[in-house]
Amino acid sequence: MSLIVIVDDRVTNRNIFTKLAASIAEDVIVHSFGDPVEALAWLEFNTPDLIVTDFKMPHFDGAELIRRFRQIPKAADIPVVVITVYEERSFRLRALEAGATDFLHSPVDHHEFVTRARNLLKLRHQQVLLESRADSLEKKLEDSERTRVHALRDSRERLAQVIDTLPVMISASSAGGDVLFVNGQQAGFTGIDPVAVIGAPVAMLFGEEQGARHCALDRMVVETGKALPPYEEEITGKDGEKNIFLTTKSPLRDPAGGVSGILTSSLDITARKKIEAHLRHLAQHDSLTGLPNRGLLLERMRSLIVRARRGDQRFALHMVDLDGFKAVNDRLGHSGGDRFIQMIGARLSGSIREHDTLARIGGDEFALLQTHVVNGEDAAEFAGRILATVAGCSGFEGAPLRATCSVGIAMHPDDGADPETLLKNADFAMYRAKAERGNGFSFYEADLHARARRDAALDTDLRSAIQNKEFILYYQPQIDLATGAIFGAEALLRWHRPGAGIVAPGAFLGRAEENGLIVAINEWVLREACREAKTWLRPDGKALSVSVNMSPVQFQKRNVPLLVANALAESGLDARRLDLEITEGVVLKDFEAVAHDLRKLLDLGVKISIDDFGTGYSSLNYASRLPVNRLKIDQSFVRNLQSETNDAAIVRAIVTLGHSLGLRVLAEGIETAGQLAAMRAEGCDEAQGYFFGRPVPAEEFRKIAGVSVMAARGRQSAAG
Ligand code: C2E
Ligand code: MG
Ligand code: MG
């Protein structure tokens with residue numbers, strides 16, 4: 001249906017145009033007006049498809065009609081044809097400006113009127129169709145946008161809810177170290193307000209101790225752009241409970257791929273750890289007596305062997321077997337026999353020192369691990385005490401029942417270098433004691449004279465070794481973790497013993513300390529290390545430092561400062577490039593005297609490190625009282641870092657203490673990238689270990705470190 005409006009003040013024209021318009025199509029409806037004012041009033045409320053208007057009319061002309069009409073909403077696109085007798089351009093222009101679509105010249109040609117009107121109607125219809133399509137399309141778009149926004153908001157809310165309820169503590173922080181987000185789980189455990197904490201420093205989230213560590217790890221993620229391998233840590237909750245978490249850190253990326261922040265998630269593994277500890281305890285202990293079993297005994301021996309690498313920490317393994325236990329069992333019955341074993345176990349464990357180990361390894365068989373053994377006499381005395389303890393029991397559950405035992409002794413390293421050999425040899429010795437009517441002890445090497453003869457031969461060989469120049473020094477690189485560069489090396493003693501190849505210090509240092517030869521040997525070490533290090537100049541002018549291990553025996557002689565001053569003068573080495581490694585053993589005897597000598601050494605400009613730090617009983621105490629520059633964390637901690645939460649806690653305490661005293665902290669025995677990452681995360685400044693390089697002869701070390709003797713010689717006078 002089409003609606004056509006005719007406006008003309010002359011009736012004849014109106015009638016003609018109305019007829020013509022009606023003839024265009026069957027469904028055409030025509031409305032005609034003689035007065036433009038009337039027409040406008042009607043048009044306010046009706047929308048035609050075409051208007052045909054006269055130009056010259058009373059009240060206002062066609063142009064004015066069009067202008068006013070165009071102001072009605074939605075009237076802009078409706079075609080308007082103006083009929084005029086005037087040829088002048090000014091009329092047409094006015095009409096066009098007002099918004100006329102077309103002109104018809106009066107008198108109107110009927111055919112032309114119909115054709116033009118039909119075309120304009122067709123155009124109008126297409127236009128209306130297009131508009132309605134566009135309208136519905138727009139509506140559809142609006143609808144789908146609305147549902148998309150809803151869906152997005154819904155899924156965001158659901159995601160936030162999921163993140164809040166996940167049984168994992170989740171937080172995000174900016175690369176600059178500010179808190180961006182904390183989930184409900186973390187807020188609940190730590191008692192932190194998840195809204196108030198936003199924008200605060202990350203350290204706030206994890207408490208004082210863990211806070212600094214988290215900041216350091218976050219910096220690492222930003223620097224490397226890589227996720228950290230998961231690590232275990234203890235976090236304190238709002239009620240003071242200490243739970244163990246497995247924490248991971250991953251980089252958050254901006255659209256350009258840069259690291260904009262860090263996502264930290266911590267899974268509570270306290271329960272799992274407790275079960276693990278319980279299972280481990282079960283696996284490592286004897287169910288009858290609760291004492292360590294064979295497996296744990298072997299493990300303890302292995303760690304003692306690692307610590308005995310300098311040869312000054314001997315230990316003895318005592319194998320204990322009850323004499324005639326079968327008779328006891330027959331008399332008391334099976335369960336009585338079990339109670340008897342429990343009683344013996346309790347008596348023995350009451351007679352040993354804290355750092356010794358008592359294990360039950362079979363029916364009536366116990367093993368005792370005696371540490372800090374100097375010689376055979378120590379071990380014999382200990383075995384005597386075992387015999388007395390067992391024999392000291394005169395009755396059991398009201399019955400007069402006496403017990404005796406036989407003890408076999410094997411000593412490390414003399415009677416075996418590994419746990420299995422030591423066990424086998426101690427067993428062998430025990431059978432010999434038993435064969436000698438029991439209630440006694442026997443050494444694996446029954447002939448103590450043979451042992452003494454061997455010691456004497458070693459003494460002689462060591463003495464001639466100095467004269468024959470059989471000692472050599474190996475050098476192991478030390479790395480500055482801030483730059484990744486080698487800054488020096490530790491000098492490690494080796495003995496080219498004729499017929500034995502290259503011998504490590506563990507095999508002869510203990511003996512050399514006992515017979516005093518260590519003084520002469522170490523004097524040579526000091527001189528040789530200074531002479532060698534003097535040549536260590538890199539092409540860029542950087543000079544490397546050298547670390548020398550000192551023996552407690554040297555400090556007893558009270559001449560170390562003089563020795564060092566001489567070695568420096570002789571070699572021309574700058575004192576600041578020499579580092580002396582001492583152990584707790586050095587200060588055990590006479591603390592004040594040693595501290596005095598150390599201060600003298602510091603006055604010379606020499607550096608002092610405490611070696612194997614953490615293995616002694618009062619290391620932390622010594623560190624704060626001794627004038628030193630550096631702590632070297634013992635390799636046993638590095639090895640256990642990932643499996644023992646305890647060791648991680650000790651390492652953390654050492655680093656914190658060291659830094660609070662202004663000391664450098666070096667991690668020893670780094671063998672893997674994982675250990676390196678862990679020790680870096682703990683804040684260690686320096687590192688040493690097979691991962692960076694094994695101890696090697698001087699020539700090889702110079703190549704690794706990039707120092708050439710020629711370059712060094714050239715500069716010698718400039719940089720002494
Ligand atoms: P130390 O001072 O703690 O030296 C480090 C020892 O650990 C060295 O054994 C070294 O080879 C070893 N080591 C280094 N990195 C790793 C690693 O990644 N994994 C493992 N498993 N071991 C690593 P070495 O050369 O047998 O020396 C043993 C000990 O002998 C030294 O322990 C030191 O206390 C003593 N020693 C060495 N040279 C001298 C010396 O000239 N004088 C004195 N008095 N003692 C020395
Ligand atoms: Mg050392
Ligand atoms: Mg060490």
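We count ligands from 1, going down the list as the structure has it; atoms in each ligand are counted the same way.
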* Mind checking what makes side chain to side chain donor-acceptor pair (under 3.5 Å) contact with S571, not counting sequence neighbours? ->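 Side chain to side chain donor-acceptor pair (under 3.5 Å) list for S571, sorted by chain: empty.
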
* **Neighbouring protein N, O or S atoms of the Mg ion (ligand 2) [cut-off: under 2.8 Å, no waters]** =>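 Listed by chain and number, the atoms are E490 OE2, N549 OD1, E581 OE1, D611 OD2.
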
With a cut-off of 3.5 Å and sequence neighbours excluded, list every side-chain donor-acceptor pair involving residues 520-532.
residue, atom, partner, partner atom, Å
N522, ND2, N549, O, 2.8
N522, ND2, Q554, OE1, 2.7
E523, OE2, R527, NH2, 3.4
R527, NE, E570, OE1, 3.0
R527, NE, E570, OE2, 3.3
E528, OE1, R531, NE, 3.2
E528, OE1, R531, NH2, 3.3
E528, OE2, R531, NH2, 3.0
E532, OE1, R702, NH2, 3.0
E532, OE2, W536, NE1, 2.8
E532, OE2, R702, NE, 2.8
E532, OE2, R702, NH2, 3.4

Between [X] and [Y] (side chain of the first, backbone of the second, donor and acceptor by atom type, cut-off under 3.5 Å), is there such a pair?
X	Y	result
Q476	L492	no
D459	L462	no
D418	T421	yes
Q675	T672	yes
D480	F487	no

* Asked: Do F382 and H318 make the cut of ring centroids closer than 6.0 angstrom?
  ->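 Judged by ring-centre distance (under 6.0 Å), F382 and H318 do meet the cut-off.
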
Just list the N/O pairs, ligand 1 to protein, that are under 3.5 Å apart, with the distance for each.
residue, atom, partner, partner atom, Å
ligand 1, 2 (O), E490, OE2, 2.9
ligand 1, 2 (O), N549, OD1, 3.0
ligand 1, 2 (O), D611, OD2, 2.7
ligand 1, 3 (O), R309, NH2, 3.1
ligand 1, 3 (O), D612, OD1, 3.0
ligand 1, 3 (O), E668, OE2, 3.3
ligand 1, 7 (O), Q635, NE2, 2.8
ligand 1, 15 (N), Q476, NE2, 2.9
ligand 1, 18 (O), Y690, N, 2.8
ligand 1, 19 (N), E671, OE2, 2.5
ligand 1, 21 (N), E671, OE2, 3.1
ligand 1, 22 (N), Q635, OE1, 3.2
ligand 1, 22 (N), Y690, OH, 3.4
ligand 1, 25 (O), R494, NH1, 2.8
ligand 1, 25 (O), R494, NH2, 2.9
ligand 1, 34 (O), R310, NE, 3.3
ligand 1, 34 (O), R310, NH1, 2.6
ligand 1, 34 (O), R310, NH2, 2.8
ligand 1, 38 (N), L493, N, 3.1
ligand 1, 42 (N), N522, OD1, 2.7
ligand 1, 42 (N), N549, O, 3.3
ligand 1, 44 (N), N522, OD1, 3.4

* To do: For the residue pair F701 and Y475, categorise the inter-ring angle as parallel (less than 30°), tilted (30 to 60°) or perpendicular (more than 60°).
  =>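 Correct class here is tilted.
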
